[in-house]
Amino acid sequence: MAYRTVLVGTDGSASSFRAVTAAASLAAASGATLVLACAYLPMRESERAAAADRLGELAYKVSGSTPADDALRAAREHAVAAGASDVVLAAEEGDAVDVLIALAARHRADLMVVGNRGLNSLAGRLLGSVPSGVLHRAACDVLIARTTDGGR
């Protein structure tokens, strides 16, 4: 089966870029569209004020979707280096699992790729991890890429 649309989540971390590279390689091999997805949560007003005090006119870099947009631009570089040619960027406000599931449906993804970070951590077992949440809720195939040793 050849995949037509592959969606991968990134948060800008090195481990998420390993998942992006894996997804991009798969997308390139099957001629699929690669959707790079990043969820973000709004800053509380107290955090926004503190950032403005410390960063001055650079405070915009840590508010709204700017950090997510920055992560997506960096992820696109990894994806292109891995051979992906049809790349779509999607930053959306909300919980990571909810955003990935919604974007997969919206883009009609037939494969979602997530890293294994959090699967074997205590917090992941108690609170749930992004890979676990995606795996339980996805309406498409899910590939959990080994992006960390031991799931941490």
Side-chain angles (χ1 to χ4, degrees), residues 1-45 47-48 51 58-121 123-148 151-152:
M1 174 169 118
Y3 294 109
R4 293 177 307 281
T5 304
V6 177
L7 182 136
V8 61
T10 184
D11 60 5
S13 66
S15 68
S16 76
F17 290 151
R18 287 190 282 279
V20 166
T21 297
S25 295
L26 286 168
S30 62
T33 297
L34 178 65
V35 179
L36 299 174
C38 187
Y40 65 93
L41 295 172
M43 280 183 130
R44 292 189 308 244
E45 189 52 43
E47 293 170 331
R48 190 182 330 271
L58 296 177
Y60 75 92
K61 291 188 174 234
V62 296
S63 65
S65 66
T66 301
D69 295 336
D70 291 345
L72 289 172
R73 279 191 290 278
R76 180 198 299 258
E77 291 178 18
H78 288 269
V80 169
S85 58
D86 183 8
V87 180
V88 175
L89 306 182
E92 192 164 300
E93 184 178 314
D95 171 74
V97 174
D98 294 338
V99 166
L100 292 173
I101 296 298
L103 287 171
R106 193 172 310 135
H107 290 275
R108 295 190 174 111
D110 40 15
L111 176 66
M112 264 202 288
V113 177
V114 292
N116 69 321
R117 187 173 67 182
L119 277 177
N120 293 329
S121 69
R125 282 179 275 187
L126 294 175
L127 303 173
S129 64
V130 171
S132 179
V134 165
L135 191 60
H136 286 96
R137 293 180 48 198
C140 63
D141 290 351
V142 176
L143 171 69
I144 298 178
R146 180 170 281 298
T147 60
T148 63
R152 295 188 210 312

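- The shortest non-hydrogen separation linking Gly9 to Leu100 is CA-CD2, 3.8 Å.
- Annotation: the span from Leu34 atom CG to Arg76 atom CZ amounts to 10.0 Å, rounded to 0.5 Å.
- Listed here is the closest heavy atom pair of Ala82 and Ala28: O-CB, 4.2 Å.
- Residues passing the side chain to side chain contact (heavy atoms under 4.5 Å, CB included) test with Ala22 are Ala145, sequence neighbours excluded.
- Closest heavy-atom contact between Ala75 and Thr10: CB-CG2, 3.9 Å.
- Between the side chain of Ser30 and the backbone N or O of Tyr3, at least one donor-acceptor pair lies under 3.5 Å.
- Residues satisfying the side chain to side chain contact (heavy atoms under 4.5 Å, CB included) test with Ala109, not counting sequence neighbours, are Thr5, Leu7, Ala104.
- The heavy-atom pair separating Ile101 from Val134 by the smallest distance is CD1-O, 4.2 Å.
- Between the OG atom in Ser25 and the NE2 atom in His78 there is a gap of 12.5 Å [rounded to 0.5 Å].
- Note that CE of Met112 and CG of Leu103 are 9.5 Å apart. Values are rounded to the nearest 0.5 Å.
- Atom CG of Asp70 sits about 9.5 Å away from atom SG of Cys38, to the nearest 0.5 Å.
- Minimum interatomic distance between Gly133 and Val97 (heavy atoms only, all atoms of both residues): C-CG1, 3.8 Å.
- Residue Ile144 holds its CD1 atom at 8.0 Å from CG of Asn116, rounded to the nearest 0.5 Å.
- Among pairs with a residue in residues 88-106, those fulfilling salt bridge (Lys or Arg N to Asp or Glu O under 4.0 Å) read Glu92-Arg106, Asp98-Arg137, at least two apart in sequence or across chains.
- Nearest heavy-atom pair, Val114 versus Val142, reported as atom, atom and distance to 0.1 Å: CG2-CG1, 4.4 Å.
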Exercise for the section: For the pair Leu36 and Val8, evaluate side chain to side chain contact (heavy atoms under 4.5 Å, CB included) and give the outcome as yes or no after the intermediate values. Expected result: CA-CA 5 Å; Leu36 299 174; Val8 61; 3.4 Å; yes
